[in-house]
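These notes are about the structure you will find just below.
Throughout, a chain's letter reflects where its sequence line sits, starting with A, and its residues are numbered from 1.
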2 protein chains.
Amino acid sequence: MSGSATQTVYEQLRVSLLAGRYLPEAKLKISELGSAFSVSTGAVREALARLTAEGLVTAMPQRGFRVAPVSVADLRDLAEMRIEIETKCLRRAIASGDLAWEAAVVAAHHRLAVTPIAAADGGFSPAWIVAHGEFHAALAQACDSAWMLRVRDLLFAHNERYLDLARKTDRGNRDAAREHRELMEAALARDTDRAVAAIAAHIGKTRDTIESALRRAEMDELG
Amino acid sequence: MSGSATQTVYEQLRVSLLAGRYLPEAKLKISELGSAFSVSTGAVREALARLTAEGLVTAMPQRGFRVAPVSVADLRDLAEMRIEIETKCLRRAIASGDLAWEAAVVAAHHRLAVTPIAAADGGFSPAWIVAHGEFHAALAQACDSAWMLRVRDLLFAHNERYLDLARKTDRGNRDAAREHRELMEAALARDTDRAVAAIAAHIGKTRDTIESALRRAEMDELG
DNA sequence: CCCGCAACAAAAATATATTTTCGTGTAAAA
DNA sequence: TTTTACACGAAAATATATTTTTGTTGCGGG
């Protein structure tokens, strides 16, 4: 293992959460997770405490932990906030990004472009999710405000939870690759307005797609 | 005690941190804290894990926890971000605040106005800090975006850490009470532009005051 | 047939014990 | 005198054990 037990559990649990491997509001039993990861309950509790502070998990006093809920309202609010922050980040990144930044963006985009998007189970492939996250992170990274980046990361993480819900209705009818390319090109050309418009549109479209998927899922549940 | 042991430790530790009762970068020894609060080390670790996710504490693998550092750069970045978020929050709060909101703002302002600002040790009095936090929270509360409020709370908490550093150089030469009144009156009058200007100025002035205090403290340290 | 209460089982919360890691100081060798 | 290796003490990390709390099931009464 790389680091400590707690760290490992935290990271693994986090990617599982972000990959939607647990259902929203599902109970996270401490001893189960402990034996699954072969660590003590203390390590699990510590990891869950951190995830609670991030909002990915909710703690119910004396009643354990659950996966944070999702809702259309939260998704819309989140997307709106993301547009605010991501556009600001992007503006500043374009303004102060150097050659190293450009190179990192190109590299991340290349990895994203060549990574197959579909996984065996019909969702996004884990490799694509990682590449996608890293591309957007690379774009924002040159923003010269640590706090802005921090908030961006928080929002992006929560968005990832919703992302794989979209996969079902997203089959083929949307060209995310094209949006990413457009975004990269505008950023590298230092065309701030075009880049900002591209990322805002990208977030908006993603939101809409996820929202339909969410509504469909709710329908299925009730009917 | 109200809730669980972990919860108690978390809350107490948090207010201590925000009140600047521990020095930045000071080591937070787990067993010391455990005996201080008369709880087990597990509870302390759990509380520290949450505070780490909030950024109030930094975790160093195999080397324990420390109080998060402060710096002029971080303060400036934080203040800039706060201006962005607080103004947006305030706009939306003014737009959608109802009578209950107005009442809460008036009440919070009254409590703030009548609470003595100075403590025996020369810092802000704990009661004033609470009242101050609640006044600003009340103002923002009517903002109809949960995510925006969440980010606002995070930023405000970090700002509080810096706040009491300002007390030394802030003695008498600044009328925070007046700024708060102006802010409240503009908000209640639904004068969005004036309110936004007031809060931006308020944050900016606070930043400047704290910055001088910080620089003075750095001077004292080195000479 | 439904409601309440008691006993039981399961899981969370907490405490204690053990292991591991890190920093420090000391002594021997270059 | 400087450096390096070793050992010791302190603190963190982890595991295990104990206590509390909660949720559930079955039984008796209404």
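- Rounding to the nearest 0.5 angstrom, the gap separating the OG1 atom in Thr58(B) from the CG atom in Leu48(B) is 10.5 Å.
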Could you pull out every donor-acceptor pair under 3.5 Å between side chains of residues 17-38 of chain A and any protein atom, sequence neighbours left out?
{"residue": "Arg21(A)", "atom": "NH1", "partner": "Ser16(A)", "partner atom": "OG", "Å": "3.2"}
{"residue": "Ser35(A)", "atom": "OG", "partner": "Ser31(A)", "partner atom": "O", "Å": "3.1"}
{"residue": "Ser35(A)", "atom": "OG", "partner": "Glu32(A)", "partner atom": "O", "Å": "3.0"}

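- A salt bridge links Arg215(B) with Glu211(B): the distance from a Lys NZ or Arg NE/NH1/NH2 to an Asp or Glu carboxylate oxygen falls below 4.0 Å.
- A salt bridge links Arg92(B) to Glu80(A): one of the charged nitrogens lies within less than 4.0 Å of a carboxylate oxygen.
- Within the structure, the salt bridge (charged side-chain N to carboxylate O under 4.0 Å, His left out) test picks out no pair touching residues 61-74 of chain B (sequence neighbours left out).
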note = In B/S/- notation (B base, S sugar-phosphate only, - none; protein heavy atoms under 4.0 Å), nucleotides 10-21 of chain D written 5' to 3' is -SSSBBB----S

